[in-house]
Undergrad: 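Would you mind keeping the following structure in view while I ask a few things?
Reckoned from all heavy atoms, side chains included, excluding hydrogens, waters and symmetry mates. On a predicted model such as this, the values are computed, not experimentally measured, just so you know.
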Amino acid sequence: MELGTREKAILALERRAFPGPGAKERAIREELDLSPVRYYQLLNALLDDGRALAHDPVTVNRLRRIRETRRAER
């Protein structure tokens with residue numbers, strides 16, 4: 001089974017660079033019609049989904065490394 005449109009859009013948004021503070025949150029609201037909190041909940045679940053890894057391994061592995069680093073710092 002393949003990722004849905006929303007899941008692909010979340011990963012695509014994570015690949016982008018944003019110019020300044022608040023730009024990413026604005027894009028989340030405007031492009032995906034999600035609150036930032038819900039967006040990050042969905043993104044976190046995607047990082048554990050093998051389909052996401054197959055779809056975009058570079059982005060998923062980068063985000064997994066960041067997540068693990070933050071967990072280790074706590």
Side-chain angles (χ1 to χ4, degrees):
M1 189 169 182
E2 193 174 301
L3 288 177
T5 304
R6 180 168 67 175
E7 289 84 5
K8 289 178 182 178
I10 289 171
L11 291 174
L13 195 119
E14 281 300 314
R15 284 191 300 269
R16 292 173 33 196
F18 293 92
K24 183 174 184 178
E25 287 73 16
R26 193 172 331 112
I28 290 168
R29 290 182 191 280
E30 292 174 1
E31 296 173 25
L32 302 176
D33 196 30
L34 292 170
S35 72
V37 170
R38 183 66 181 142
Y39 171 83
Y40 287 111
Q41 290 170 340
L42 293 170
L43 176 61
N44 195 47
L46 265 177
L47 296 183
D48 296 324
D49 189 330
R51 297 173 303 157
L53 183 61
H55 176 75
D56 191 347
V58 172
T59 301
V60 171
N61 283 324
R62 177 178 57 84
L63 294 171
R64 283 180 175 179
R65 281 191 306 274
I66 292 168
R67 180 175 69 177
E68 290 306 314
T69 300
R70 288 181 179 157
R71 283 182 179 169
E73 290 173 354
R74 291 183 196 166

Undergrad: Decide if atom CZ of Arg70 counts as having more than 12 heavy atoms of other residues, nucleotides or ligands within a radius under 6.0 Å.
TA: no
Undergrad: What is the distance from atom CG of Asp33 to atom CZ of Arg38, rounded to the nearest 0.5 Å?
TA: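 It comes to 12.5 Å.
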Undergrad: Quick one: CG on Asp56 to CD on Glu7, what's the gap to the nearest 0.5 Å?
TA: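 Here the interatomic distance stands at 13.5 Å.
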Undergrad: Going through the distances and angles, do Glu68 and Arg65 end up as a salt bridge (charged side-chain N to carboxylate O under 4.0 Å, His left out)?
TA: CA-CA 5 Å; Glu68 290 306 314; Arg65 281 191 306 274; over 6 Å; no
Undergrad: Going from CG on Leu42 to CG on Leu47, what distance comes out if it is rounded to the nearest 0.5 angstrom?
TA: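 One finds 11.0 Å between CG of Leu42 and CG of Leu47.
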Undergrad: Hey, is the main chain of Leu32 close enough, under 3.5 Å, to the side chain of Arg6 for a donor-acceptor pair?
TA: no
Undergrad: Just verifying a value: how many Å separate Leu53 CG and Thr59 OG1, rounded to the nearest 0.5 Å?
TA: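 With rounding to 0.5 Å, CG (Leu53) is 10.5 Å from OG1 (Thr59).
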Undergrad: Between atom CG of Asn44 and atom CZ of Arg64, what is the distance when rounded to the nearest 0.5 Å?
TA: 10.5 Å
Undergrad: Could you report the tightest heavy-atom contact between Arg16 and Ala27, atom names first, then the distance?
TA: NH2-CB, 4.1 Å
Undergrad: Restricting to non-hydrogen atoms, name the atom on Ala52 and the atom on Val60 that form the minimum distance, rounded to 0.1 Å.
TA: O-CG2, 3.5 Å
Undergrad: Could you tell me whether the side chain of Leu3 reaches within less than 4.5 Å of the side chain of Leu46, counting heavy atoms only?
TA: yes
Undergrad: Any side-chain heavy atom of Arg67 sitting closer than 4.5 Å to one from Leu63?
TA: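 With C-beta onward as the side chain, the pair stays apart.
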Undergrad: Which heavy-atom pair separates Pro21 from Arg26 by the least distance, and what is that distance?
TA: O-NH2, 4.4 Å
Undergrad: Which atoms form the tightest heavy-atom contact between Ile28 and Tyr39, and what is the distance?
TA: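 Of all heavy-atom pairs spanning Ile28 and Tyr39, the closest is CD1-CD2, 3.4 Å.
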Undergrad: Do Lys8 and Leu11 have side chains that get closer than 4.5 Å, going by heavy atoms?
TA: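 No, their side chains stay 4.5 Å or more apart.
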Undergrad: Quick one, Tyr40 and Leu34 - any side-chain contact, counting heavy atoms below 4.5 Å?
TA: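 Not in contact.
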Undergrad: Any salt bridge between Glu14 and Lys24, counting N to O under 4.0 Å?
TA: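 Yes.
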